[in-house]
Amino acid sequence: MSQAAFTVRQITFDCHNPSKLAEFWSAATGREIVADYGDFVMVNSTPALGFQRVERPTPGKNRMHIDIGGAEREALVERLTSLGATALSDHKAPGLVWTVMQDPEGNEFCVGNPDF
């Protein structure tokens with residue numbers, strides 16, 4: 001049987017307030033909100049980011065997270081913090097530096113150096 005290739009088209013976050021969280025990620029990515037259905041909001045990024053209201057988001061550390069990066073990691077961490085994110089910890093490994101952060105609803109993501 002041949003294996004079918006696929007493309008990740010959207011990453012969806014369970015959350016309390018889809019509009020507010022979409023506003024954060026829209027500002028963070030510099031991409032616009034393209035759909036707002038009240039309980040589900042989408043940001044036009046690659047892949048798209050979706051935010052859906054759920055009664056009880058999973059507590060504790062999320063099992064999957066987004067890794068992002070940029071030429072100036074420290075400046076990016078500072079900008080995301082000014083938008084409402086929280087920097088949790090910095091880490092280093094050979095050839096790699098990253099900061100673990102949380103968005104305004106506590107979803108963790110990492111901001112790495114350009115080689116990340």
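The residues of the chain are indexed from 1 along the displayed sequence.
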Verify, without hydrogens or angle tests, whether Ser26 (side chain) and Glu23 (backbone) share a donor-acceptor contact under 3.5 angstrom.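 No; judged by distance alone, with no hydrogens or angles, the pair does not exist.
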
Does Thr7 reach the main-chain N or O of Arg9 with its side chain, forming a donor-acceptor pair under 3.5 Å?
->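 No, Thr7 side chain to Arg9 backbone: no donor-acceptor pair under 3.5 Å.
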
To the nearest 0.5 Å, what is the distance between [atom1] ([X]) and [atom2] ([Y])?
X	Y	atom1	atom2	value
Ile11	Ile66	CD1	CD1	4.5 Å
Ile68	Phe109	CD1	CZ	5.5 Å
Cys110	Met101	SG	CE	10.0 Å
Asn113	Leu76	CG	CG	11.5 Å
Glu32	Ser45	CD	OG	11.0 Å

Got a sec, which residues hit side chain to side chain contact (heavy atoms under 4.5 Å, CB included) with Ala93, two or more places apart in sequence or on another chain?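 Side chain to side chain contact (heavy atoms under 4.5 Å, CB included) list for Ala93, sorted by chain: Leu96, Trp98.
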
Which residues pass the side chain to side chain contact (heavy atoms under 4.5 Å, CB included) test with Ala35, not counting sequence neighbours?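 Ala35: side chain to side chain contact (heavy atoms under 4.5 Å, CB included) contacts with Tyr37, Met42.
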
With sequence neighbours excluded, residues passing salt bridge (charged side-chain N to carboxylate O under 4.0 Å, His left out) with Glu78:
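With sequence neighbours excluded, Glu78 shows a salt bridge (charged side-chain N to carboxylate O under 4.0 Å, His left out) to no residue whatsoever.
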
Sequence neighbours excluded, which residues qualify as salt bridge (charged side-chain N to carboxylate O under 4.0 Å, His left out) partners of Asp36?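 Applying salt bridge (charged side-chain N to carboxylate O under 4.0 Å, His left out) to Asp36 gives none.
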
Side chain to side chain donor-acceptor pair (under 3.5 Å) with [X]: which residues, sequence neighbours excluded?
X	result
Gln52	Asp14
His16	none
Asp103	Trp25, Asn107
Thr81	none

Show me the donor-acceptor pairs, under 3.5 Å and distance only, between side chains in residues 84-91 and residues at least two apart or in other chains.
unit_1, atom_1, unit_2, atom_2, d
Ser89, OG, His91, NE2, 2.8
Asp90, OD1, Thr99, OG1, 2.5

Which heavy atom of Glu105 sits nearest to which heavy atom of Asn17, and what is that distance?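 Answer, listing the atom of Glu105 first, then Asn17: OE2-N, 2.9 Å.
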
query = Closest heavy-atom contact between Arg53 and Asp39?
reply =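 Scanning both residues, the minimum pair turns out to be NE-OD1, 2.6 Å.
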
Report task. Would you mind reporting whether Glu108 and Val100 have side-chain heavy atoms less than 4.5 Å apart? Result ->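 Result yes, sub-4.5 Å side-chain heavy-atom pair found.
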
In the single-linkage hydrophobic clustering (I, L, V, M, F, W, Y; side-chain heavy atoms under 4.5 Å), do Leu83 and Val111 co-cluster?
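Shared cluster, yes.
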
Consider only side-chain heavy atoms of I, L, V, M, F, W and Y, link residues closer than 4.5 Å, and tell whether Val43 and Phe40 are in one cluster.
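No, because Val43 and Phe40 fall into different hydrophobic clusters, even though each may have its own neighbours under 4.5 Å.
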
